[in-house]
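All heavy atoms count here, side chains included; hydrogens, waters and symmetry mates do not.
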2 protein chains.
Amino acid sequence: MPLARLMAMAFRSLIDDLHDRLRARGITDVRPAYGFVLLYLRDHDATAREIAELMGTSKQAASKLIGAMEGAKLVRRAPHPTDGRAHRLALTRRGARLLTTVETIYRELEDEWAEVIGAPAVASMRADLLAVLRARNDGELPPVRPGF
Amino acid sequence: MPLARLMAMAFRSLIDDLHDRLRARGITDVRPAYGFVLLYLRDHDATAREIAELMGTSKQAASKLIGAMEGAKLVRRAPHPTDGRAHRLALTRRGARLLTTVETIYRELEDEWAEVIGAPAVASMRADLLAVLRARNDGELPPVRPGF
DNA sequence: GTGAACTAGTCAACCTTGTTGACCATATCA
DNA sequence: TGATATGGTCAACAAGGTTGACTAGTTCAC
């Protein structure tokens, strides 16, 4: 069985578990892509161009995604401090709360994975994936884009 | 960084590398989904319903995918031996050759991954992912469906 | 043996999310 | 200062998915 299929199924499993648990908490208007953007905004000021790079999509698709998240009141567009063309994205209060929930659920899921395969194995998997992805992408991480 | 993002990037990397190498061999009319179906047909007689289960899509989407592969002369639909409603899918000669190429490239990629993180780490990653996916899916593997 | 219930696969219509190239305003650079 | 580049949006389009209805065939209870 190729690693690609394993990665696809692992991704599927994690995303489905995440969204099942969000729904169990009454959060039903969140697309899978939102989680990646929220986590990115935790650590970065970002523009639409950077979200396009993160997700591996066109600027237009990123703009639409941001628009949808704005509509769900998870982010807001602020003027960029130094570039009149660009927006700076910021988390709203609702967005920050959702980010916290997503992080909590991801920790639960990884704890459950650790129960099956052991915490050292989870840590190794993470470190190995980071190493091989950076090695194959000039030291950077590739985009998120998991689809066909 | 959540495991989901790592899995998404790993999947992306493998699929992009696979298709880059297929194109380098002059094979340009293959969608990423085809590889999963070809590998499945290596080991199973399959019907459209089973391809839908494999891919985690509707019967209609599976039917369309099979139709596209039939059009690319990778598979053919044969009458089912015992069920007059169903088709039995078979690889064509071209499909069998492409399967061999896909398998070869996947072995190359996994060898390259092993160069970065070590062959034991690749084997552990594979075994751990299989274990955790089966544990979380009643002993079965979940569908492939990597997209949002 | 028969009829009800179920299933495999297809149909047409629709939906979601992506891409493309043009465009405008702004920034950068020679 | 003018040429080039960029950030983001626009409208139109594309790919691949879903849905519910449908037909033909299968299974099952009686």
Side-chain angles (χ1 to χ4, degrees), chain A residues 8 11-12 15-16 19 28-37 40-41 44-72 74-90 143-148, chain B residues 8 11-12 15-16 19 28-37 40-41 44-72 74-90 143-148:
Chain A
F11 174 78
R12 180 83 276 129
I15 290 298
D16 287 351
H19 286 270
T28 58
D29 59 337
V30 172
R31 282 162 43 188
Y34 292 1
F36 298 103
V37 177
Y40 189 80
L41 293 177
H44 304 84
D45 294 325
T47 62
R49 184 190 62 76
E50 288 165 58
I51 298 306
E53 276 188 5
L54 169 73
M55 303 305 291
T57 65
S58 65
K59 290 183 296 173
Q60 173 67 350
S63 185
K64 284 179 170 177
L65 176 57
I66 291 163
M69 292 181 74
E70 204 173 22
L74 298 173
V75 300
R76 79 181 159 264
R77 286 168 157 115
H80 198 278
T82 60
D83 188 333
R85 299 167 298 180
H87 298 107
R88 174 91 142 257
L89 297 174
V144 165
R145 208 147 137 46
F148 287 133
Chain B
F11 174 79
R12 178 84 276 128
I15 290 297
D16 286 350
H19 286 270
T28 58
D29 59 337
V30 171
R31 280 162 46 186
Y34 293 3
F36 299 103
V37 177
Y40 189 81
L41 292 178
H44 305 83
D45 294 324
T47 61
R49 184 189 61 77
E50 287 165 58
I51 299 305
E53 277 188 4
L54 169 73
M55 303 305 290
T57 65
S58 64
K59 290 184 298 175
Q60 172 67 349
S63 186
K64 283 179 169 177
L65 176 57
I66 291 164
M69 292 181 75
E70 205 173 23
L74 298 172
V75 301
R76 79 180 158 264
R77 287 170 158 113
H80 197 280
T82 60
D83 188 335
R85 299 167 298 179
H87 298 107
R88 172 93 141 256
L89 297 173
V144 165
R145 208 145 136 49
F148 286 138

Task: Whole-Å distance separating the CZ atom of B/F148 from the C1' atom of C/dT16 - done: 13 Å
Task: Nearest-angstrom distance from the residue atom CD1 of A/I66 to P of C/dT17 - done: 15 Å
TODO: Measure the distance from OH on B/Y34 to C1' on D/dG16 and round it to the nearest whole Å.
DONE: 11 Å
Open item on the list: If we ignore hydrogens and angles and just use 3.5 Å, is the side chain of A/R31 paired with the main-chain N or O of A/A68 as donor and acceptor?
Closed with: no
Task: Side chain proximity check, A/F11 to B/V144, heavy atoms < 4.5 angstrom - done: no
N/O to N/O distances under 3.5 Å, protein versus nucleotides 6-10 of chain C:
{"unit_1": "C/dT7", "atom_1": "O4'", "unit_2": "B/R85", "atom_2": "NH1", "d": "3.3"}
{"unit_1": "C/dT7", "atom_1": "O2", "unit_2": "B/R85", "atom_2": "NH1", "d": "2.5"}
{"unit_1": "C/dA8", "atom_1": "OP1", "unit_2": "B/R49", "atom_2": "NE", "d": "2.9"}
{"unit_1": "C/dG9", "atom_1": "OP1", "unit_2": "B/H87", "atom_2": "N", "d": "3.0"}
{"unit_1": "C/dG9", "atom_1": "OP1", "unit_2": "B/H87", "atom_2": "O", "d": "3.4"}
{"unit_1": "C/dG9", "atom_1": "OP2", "unit_2": "B/A48", "atom_2": "N", "d": "3.3"}
{"unit_1": "C/dG9", "atom_1": "OP2", "unit_2": "B/R49", "atom_2": "N", "d": "2.7"}
{"unit_1": "C/dG9", "atom_1": "N7", "unit_2": "B/K59", "atom_2": "NZ", "d": "2.6"}
{"unit_1": "C/dT10", "atom_1": "OP1", "unit_2": "B/R77", "atom_2": "NE", "d": "3.4"}
{"unit_1": "C/dT10", "atom_1": "OP1", "unit_2": "B/R77", "atom_2": "NH2", "d": "3.4"}
{"unit_1": "C/dT10", "atom_1": "OP2", "unit_2": "B/S63", "atom_2": "OG", "d": "2.2"}
{"unit_1": "C/dT10", "atom_1": "OP2", "unit_2": "B/R77", "atom_2": "NH2", "d": "3.4"}

Task: the helix from C/dG1-D/dC30 to C/dA30-D/dT1: angle between end helix axes, five pairs per end, rounded to 10 degrees - done: 30°
Open item on the list: Need to verify one output field. Residue with the more 5' nearest nucleotide on DNA chain C, A/G84 or A/G56?
Closed with: A/G56
- [ ] Using atom CD1 of B/I51 as one end and atom C1' of D/dG16 as the other, report the distance to the nearest whole Å.
- [x] 17 Å
TODO: Under 4.0 Å between any heavy atoms, over every strand shown, what does A/S58 touch: base, sugar-phosphate, or nothing? Just pick one.
DONE: base
Task: Distance in angstrom units between A/M55 CE and C/dT17 P, rounded - done: 11 Å
TODO: Please examine the side chains of A/L65 and A/M55, heavy atoms only from C-beta on, and report whether any two atoms are closer than 4.5 Å.
DONE: yes
Open item on the list: What I want to check is whether the side chains of A/S63 and A/Q60 have a donor and an acceptor closer together than 3.5 Å.
Closed with: no
Open item on the list: Between the side chains of B/R77 and B/E70, is the shortest nitrogen-to-carboxylate-oxygen separation below 4.0 Å, so that they form an ion pair?
Closed with: yes
Open item on the list: Just verifying a value: how many Å separate B/E50 CD and B/D45 CG, rounded to the nearest 0.5 Å?
Closed with: 8.5 Å
Task: Spacing of OG1 belonging to A/T82 relative to CZ belonging to A/R88, to within rounding of 0.5 Å - done: 8.0 Å
Open item on the list: If you define the side chain from C-beta out and look only at heavy atoms, does anything of B/L41 sit under 4.5 Å from B/H44?
Closed with: no
Task: Nearest-Å distance for atom pair CZ/C1', residues B/R145 and C/dT17 - done: 12 Å
TODO: Would you confirm whether A/R145, through its side chain, and A/G56, through its main-chain N or O, come within 3.5 Å as a donor-acceptor pair?
DONE: yes
